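Structure first, commentary second.
The analysis underlying the following values was restricted to heavy atoms, covering all of them including side chains, and did not include hydrogens, waters or symmetry mates. First the proteins, then the strands, lettered A, B, ... as listed; each starts at 1. Bear in mind that the values here come from a model prediction, so they are computed numbers and not experimental data.
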There are 2 protein chains.
Amino acid sequence: MSKPYKGFEPKWVKEAAPKDSYRSIFRWGDPDFVKYPKESLYKMMKEKFNMTDDDFRAYDGDIGMDRVKLDAPCNLSQDHLEALRTIVGEAYVTTDDYPRLAVAYGKTGYDALRLRGRRVDCLPDAVVYPGTTKEVEDIVAYCCEHKIPVYVYGGGSSVTRGVEPVKGGISLDMRKRFQKVISFNETDQTITVQSGMSGPKLEKALNHAPELFGAKRRYTCGHFPQSFEYSSVGGWVVTRGAGQNSTYYGCITDIVMGQKYATPAGTIQTSCYPREATGPNLNQIMMGSEGAFGVLTEVTLKVFRYMPENRERFSYIFKNWKTARAAAREMMQCEAGFSSVFRLSDPEETNLMLRLYNVDDTPLWKLLNVRGFEDMKRCLFLGFTDGEKGFSRNVADNIRRIARKYGGMSLTSYVTKSWEKGRFNDPYLRDTLLDFGIMTDTLECTVNWSNMAKVHREVRKVCHALPNTIVTTHMSHCYPQGANLYFIFITRMDDADKFKAYHSTILDAIQKSGAAMSHHHGIGKMFAPWLEGQLGRTEYGVFKALKEYFDPDNLMNPGGTLGLDLPEEEKRFLRDDIR
Amino acid sequence: MSKPYKGFEPKWVKEAAPKDSYRSIFRWGDPDFVKYPKESLYKMMKEKFNMTDDDFRAYDGDIGMDRVKLDAPCNLSQDHLEALRTIVGEAYVTTDDYPRLAVAYGKTGYDALRLRGRRVDCLPDAVVYPGTTKEVEDIVAYCCEHKIPVYVYGGGSSVTRGVEPVKGGISLDMRKRFQKVISFNETDQTITVQSGMSGPKLEKALNHAPELFGAKRRYTCGHFPQSFEYSSVGGWVVTRGAGQNSTYYGCITDIVMGQKYATPAGTIQTSCYPREATGPNLNQIMMGSEGAFGVLTEVTLKVFRYMPENRERFSYIFKNWKTARAAAREMMQCEAGFSSVFRLSDPEETNLMLRLYNVDDTPLWKLLNVRGFEDMKRCLFLGFTDGEKGFSRNVADNIRRIARKYGGMSLTSYVTKSWEKGRFNDPYLRDTLLDFGIMTDTLECTVNWSNMAKVHREVRKVCHALPNTIVTTHMSHCYPQGANLYFIFITRMDDADKFKAYHSTILDAIQKSGAAMSHHHGIGKMFAPWLEGQLGRTEYGVFKALKEYFDPDNLMNPGGTLGLDLPEEEKRFLRDDIR
């Protein structure tokens, strides 16, 4: 993918992860796809981390090429396994090592480091592959009767330890048989799918609606998280996810019309109207439940007309973070509609991204310096519009007008196109670098405009006090009232426990600075200690009351999810403005 | 306001409602403002209801001009009254007849008929006028300790018996001292107000933000229900209201950023971010709680740039309801942005509205017939755009393009301007007509596009089977997936119990037809019997669990609110698709 190196090139692992290997579990995505840094980025990292070519001659620890072999006991009785097989069919319950380990971890750095270290903290006793809503309902009922914990593995891209089967029991792997379209309604512009539906499969179906459903038009789901290719609709919904195009299409919470859950209290079918005034909103109560109230089985989503021909790409460079933020805010508040992708990088990220997007190979690179856009001060802003032609053009026109007002210089559509090429495969870089002990991970939060300078400053200050850390920051989901701040930190790190401590330090900083703990990654088991401190004790009590209603025996994703069964001493209360 | 009558003119009550009279309570709004039908509308009604001028020579029953006098006992002890006075100040607790009756009713036809009949079903024992959040918190704590029911009266425009103090106790009248702005943040474009803040006062403050808050720009709240002039922010929020401009600005649930409540479980302060992924959404749990979980004290709302100079008005006439609906759906689904007001009337409403908006006095009237837009088939569509200039123009351009595609003929901006003149004062007509035994009331629901023809047909069929009924219907809050249907029924009616039965028959029809029971009026005590049947038993159980958490002793708006303490035999389960 990159140009050949002129100097020394590390032994980047370019072969596919072997079948049934550890690597095939912890590595991101397609086993055959490889991404590694180009030479200028490699050089930059060596400098930042005080490393030499020698540090890249041998792998740092185990790269997980061998076959998974655990000999872990299954603690479920044969009777239970038989009962589950009766529900889903003989072939769809397994106690084999590999499929059990494959659903035991998500994709945070903590998971990758544990798996590289062969550290198996927990496993489901069995993996079940349901095919229908009825099967899931029967499984949940059976497990409730027999007090068997139930976990769900959708796409597996959780970065919050959301899928981890801490208490054993069973894990429902939705990838195999739970990806069907249930119905498509062109009049209402909705689609109903099984919760295991993958992003690309859904988008493909919608793009081909005329052929598949006899529709008059083509549609899009409008939801494209970076994890798109390996995430599921169910995961989007239960974690309250957001896609990179959310500034126009909305987050998943805006896109969901209705949901169906199998809970210990019974089946929950939310209503499916564009709006209603019939008491507290049940859709909004179930979204964000992260498997702790029950198993999401079916989702009805809004769909949008697919009109990529109207897309207008733009990118601008601003002189500094302050004017860039002011421009972004003005774009969000000017009442001219929103672009689909809207992404503003801070100076440290701009420094990295201009290289990642190969701007350093173009004449733009020199122009930046000539025009006074200084390295480590300048900020890259890019995106594209969607929607009807006139709407799309008007949004782009307003963005141009405002960018100019704030001293921005256009970098043409080139940078945006480069970003688009990498948007779903940047995660592959993580594994390639981690083979040499360089860890990349992310944390993100929501911040109102008036608090953004502070959150950005304080979180970065804490990150930079940690040894050998690059911290890049961008906003990528923007609103009239604020935006997310997405921190990517890159550091030398080869120990899971050190990573966890490091991660906690940054979460402390986020909470203290007054940001929301998560804009779209959810809470899971990893962020759980901070949740009650974030929301307040009386406010958080609502979650406990809901848990008690849906799952009084704590069988649904137990072991810390949303902090619901977390020991009091593990909780963190750091904000003065919250009780 | 209208031209003089040529023929007989009924003795419309044109004098102000006397101070402290029954009429001053049941009559809508400003005591000095009067609205009565013009001659053509009067003639039309006589025809529809088989009435003659003779029926309009004397009032139908009591018109409530005399002073309220009840001699109703106060069941609160002097100790309790003293304790409440200690909290809010001597002057701000009363047990007088008039202020008690003034907060005992809302504004549904059932309320008007009961009050005209001097039927006082319930009263608060005392009325309290709190001035601060701390006072409300202390009142709620005191009442919980002593098991005193707590009701809230915001603007008093409830059409669901939402404010009715069925169990006595105290009613907090928020109009006197609970209308202050707490803070305004121009950077975040938010305002925080006390929950008793009235619509006009809020809008005025925002329009004058430069003078009042030293802001750079003027702002609007974007929320204008028909009840605007006599509704409160708190009422908007706890009932999940929607304004007539919601198609652009969103319903109140989209506009609210944060809320503070005084509940028996303690103070609830929701978070105040544009989006977050931190479990079930507490803002959405509290909105719609209708006083049953606690008393809303403070609300933070988004505000929008005020740019009326960019507004583009439009109105079109379509040949029939089917093509009009198709055009409306296309406008909502074309991804070109939404207009602010978007209102489509069915043929029966069009018949009435063309007269109400004086189109029968213009050359357009003849043109309609010449061009083949037949009476009782044609459908009137009107609205206006808001937002940035290019955005606003593009929305209007797309509406024009689509209207033409579906055979619509422009009626210019004249009709929209007429509608604007009457948009907040049409409710005054109700009282003027009811003096002669003609009742006007409304019911509204949410419908997905694919079910709209059926709901419209079935609800109207039931209404028309009732004696002497005009039923007009419009959609006024529209979405890509559907719209509300707003039914206005006008009928001869002078008995509260008959009205209730009539109302129930229509609600049954709405529920059976598959619509959501309420798009934006809420549930209150009047719609409560249908709620569990609408949502499903397990789903509705969530509300009971929340009630148990917030208010285990059932002291917050008790007596049927949201059906939470409704006897099982009063509940109605009519839909096959819901358990």
Heavy-atom pairs under 4.5 Å with chain B, option from [options] with the top count:
options: Phe527(A), Phe550(A), Phe304(A); value: Phe304(A)
options: Gln333(A), Glu290(A), Met452(A), His477(A); value: Gln333(A)
options: Ala516(A), Gly563(A), Ala242(A); value: Ala516(A)
options: Ser392(A), Cys334(A), Ala483(A); value: Cys334(A)
options: Ala545(A), Pro274(A), Gly266(A), Gly387(A); value: Pro274(A)

Please classify the contact of [X] with chain A as side chain, backbone, both or neither, using a heavy-atom distance under 4.5 Å.
X: Arg305(B); answer: both
X: Arg217(B); answer: side chain
X: Val395(B); answer: neither
X: His521(B); answer: backbone
X: Glu548(B); answer: neither

So which atom in [X] and which in [Y] form the shortest heavy-atom distance, rounded to 0.1 Å?
X: Ala265(B); Y: Thr538(A); result: O-CG2, 3.4 Å
X: Ile523(A); Y: Ala277(B); result: CG1-O, 3.7 Å
X: Pro280(A); Y: Gly288(B); result: CD-O, 3.7 Å
X: Glu539(A); Y: Gln269(B); result: OE2-N, 2.7 Å

Measure Met307(A) against the heavy atoms of chain B and call it side chain, backbone, both or neither at under 4.5 Å.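 Just the side chain, heavy atoms under 4.5 Å.
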
Please classify the contact between Ser246(A) and chain B as side chain, backbone, both or neither, with a heavy-atom cut-off of under 4.5 Å.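 Neither part, no heavy atoms under 4.5 Å.
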
Interatomic spacing from [atom1] in [X] to [atom2] in [Y] - rounded to 0.5 Å:
X: Arg401(B); Y: Glu388(A); atom1: CZ; atom2: CD; answer: 6.0 Å
X: Gln189(B); Y: Met332(A); atom1: CD; atom2: CE; answer: 11.5 Å
X: Asn394(A); Y: Asn394(B); atom1: CG; atom2: CG; answer: 6.5 Å
X: Phe543(A); Y: Thr278(B); atom1: CZ; atom2: OG1; answer: 6.0 Å
X: Gln534(A); Y: Glu276(B); atom1: CD; atom2: CD; answer: 6.5 Å

Side chain to side chain, [X] and [Y], heavy atoms closer than 4.5 Å:
X: Leu282(A); Y: Val542(B); value: yes
X: Asn281(A); Y: Arg240(B); value: yes
X: Ile285(A); Y: Leu546(B); value: yes
X: Gln481(A); Y: Met257(B); value: yes
X: Asp254(B); Y: Arg275(A); value: yes
X: Tyr273(A); Y: Tyr479(B); value: no

Show the numbers, then the answer: is there a side-chain hydrogen bond (donor to acceptor under 3.5 Å, both in side chains) between Asn283(B) and Gln284(A)? CA-CA 9 Å; Asn283(B) 267 310; Gln284(A) 294 280 349; over 6 Å; no

Top contributor to chain A contacts, counting heavy-atom pairs under 4.5 Å, from [options]:
options: Gly390(B), Gly279(B), Gly482(B); answer: Gly279(B)
options: Asn398(B), Thr239(B), Asn185(B), Thr190(B); answer: Asn398(B)
options: Leu531(B), Thr561(B), Thr187(B), Asn310(B); answer: Thr187(B)
options: His520(B), Lys302(B), Met287(B); answer: Lys302(B)

Using a distance-only test with no angle check, is there a side-chain donor-acceptor pair under 3.5 angstrom linking Tyr248(A) and Glu335(B)?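 Per modelled atom types, Tyr248(A) and Glu335(B) side chains form a pair under 3.5 Å.
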
Check: Asp188(B) side chain, Ser450(A) main-chain N or O, donor-acceptor pair, under 3.5 Å: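 Side chain of Asp188(B) to backbone of Ser450(A), a donor-acceptor pair under 3.5 Å: yes, one is there.
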
